[in-house]
Amino acid sequence: MANIRIRNTNKRLTKEQAVTSFLDKHGVLYEHWDMDKLSNKLRNQFLLSNEDKEEILSTYDDEIRSLANRRGYAEWDVVALSDATPNLDELLKKFENVHVHTEDEVRAITAGNGIFTIKGEEGYFDVELSPGDVISVPVNTPHFFTLMENRQVVAVRLFIDSSGWVAHPYEDPEFKQ
Ligand SMILES: CSCCC(=O)/C(O)=C/O
Ligand SMILES: [Fe+2]
Ligand code: NI
């Protein structure tokens with residue numbers, strides 16, 4: 001279950017109803033996938049072979065295709081980030097600076113955790129994600145992504161633009177770290 005932290009007030013939303021209505025108000029998709037479908041091995045593995053990635057995509061093929069049909073996605077893949085990821089810090093630099101995408105960005109967390117910090121009506125808010133959480137970042141919405149203490153996450157990514165993930169840096173004078 002995702003938790004929300006509103007940065008300006010440090011207010012936290014943890015109850016499902018409050019979280020879903022807050023995200024809905026901001027045009028952020030929020031769904032939940034059944035993690036019981038995923039093998040125990042893959043729920044705690046952060047260095048993935050191509051076969052592992054294929055297993056994740058086939059396990060959630062129905063959920064992926066449902067999202068793709070509803071939101072016009074054409075391609076999807078699996079990204080795994082952890083201390084075992086070569087050039088992790090370089091990759092994180094791309095994600096940790098405020099940026100926008102020219103399509104809405106859907107991420108489904110299948111292992112580990114991550115935080116999407118998204119610009120909203122009351123300033124930036126953190127969406128703290130756990131396995132099973134599926135969210136979108138609306139098109140052209142300033143946001144960034146950080147790992148949590150455990151520095152590990154696996155996510156299914158869905159794309160409309162066949163060139164995959166493209167981040168456009170966004171200088172936001174209103175953003176305070
Ligand atoms: C957990 S997916 C990696 C983060 C990402 O793709 C992105 O665009 C963050 O904003
Ligand atoms: Fe992004
Ligand atoms: Ni992104």
Side-chain angles (χ1 to χ4, degrees), residues 1-5 7 23 26-33 35 38 42-48 50 52-57 59-60 63-64 67-68 71-120 123-172 174-175 177:
M1 180 65 209
N3 286 350
I4 305 274
R5 182 175 76 92
R7 287 181 161 224
L23 292 177
H26 287 88
V28 174
L29 165 89
Y30 181 60
E31 296 183 354
H32 207 82
W33 291 359
M35 284 295 107
L38 194 63
L42 286 175
R43 283 192 232 169
N44 295 294
Q45 195 171 322
F46 298 90
L47 197 54
L48 301 179
N50 288 336
D52 293 328
K53 293 183 178 179
E54 277 315 311
E55 183 179 336
I56 293 170
L57 294 176
T59 300
Y60 292 104
E63 292 84 346
I64 290 168
L67 269 178
R71 300 173 74 94
Y73 290 96
E75 293 179 49
W76 38 90
D77 69 7
V78 175
V79 64
L81 300 172
S82 75
D83 285 324
T85 306
N87 70 344
L88 174 67
D89 290 324
E90 214 176 295
L91 263 179
L92 289 176
K93 277 205 192 74
K94 264 198 326 184
F95 298 144
E96 289 178 344
N97 291 312
V98 181
H99 63 274
V100 297
H101 304 287
T102 54
E103 61 180 62
D104 89 336
E105 167 177 83
V106 172
R107 297 291 184 271
I109 308 297
T110 60
N113 300 90
I115 302 176
F116 272 97
T117 301
I118 302 171
K119 186 166 188 174
Y124 284 80
F125 58 92
D126 294 346
V127 187
E128 299 168 357
L129 298 167
S130 304
D133 288 333
V134 183
I135 76 157
S136 72
V137 178
V139 59
N140 288 326
T141 300
H143 68 283
F144 61 95
F145 175 84
T146 48
L147 292 175
M148 296 179 86
E149 294 288 298
N150 57 10
R151 281 173 62 86
Q152 53 192 20
V153 71
V154 175
V156 174
R157 302 186 304 184
L158 291 92
F159 303 104
I160 297 171
D161 176 350
S162 56
S163 60
W165 185 82
V166 179
H168 301 280
Y170 182 91
E171 289 291 322
D172 184 355
E174 290 170 32
F175 175 66
Q177 188 57 280

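Numbers here simply count residues along the sequence, with the first being 1. Ligands are counted one by one from 1 in listed order, and the atoms in each one are counted from 1 as well. Heavy atoms only: backbone and side chains are in, while hydrogens, waters and symmetry mates are out.
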Using side-chain heavy atoms (C-beta onward) and a distance below 4.5 Å, is [X] in contact with [Y]?
X	Y	result
Tyr60	Leu38	yes
Thr141	Val28	no
Val127	Asp133	no

Can you list the ligand 1 atoms lying under 4.0 Å from a non-hydrogen atom of His101? 8 (O)
Give the numbers and elements of all ligand 1 atoms closer than 4.0 Å to a heavy atom of Val79.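 The atoms of ligand 1 under 4.0 Å from a heavy atom of Val79 are 2 (S).
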Shortest heavy-atom approach to atom 6 (O) of ligand 1 - which of Arg157, Arg107, His143: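 Of the listed residues, Arg107 has the closest heavy atom.
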Check the side chains of His168 and His101 for a donor-acceptor pair under 3.5 angstrom, ignoring hydrogens and angles. no
Please confirm whether His99 comes under 4.0 Å of ligand 1, counting heavy atoms of the residue only.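 Yes, His99 has a heavy atom closer than 4.0 Å to ligand 1.
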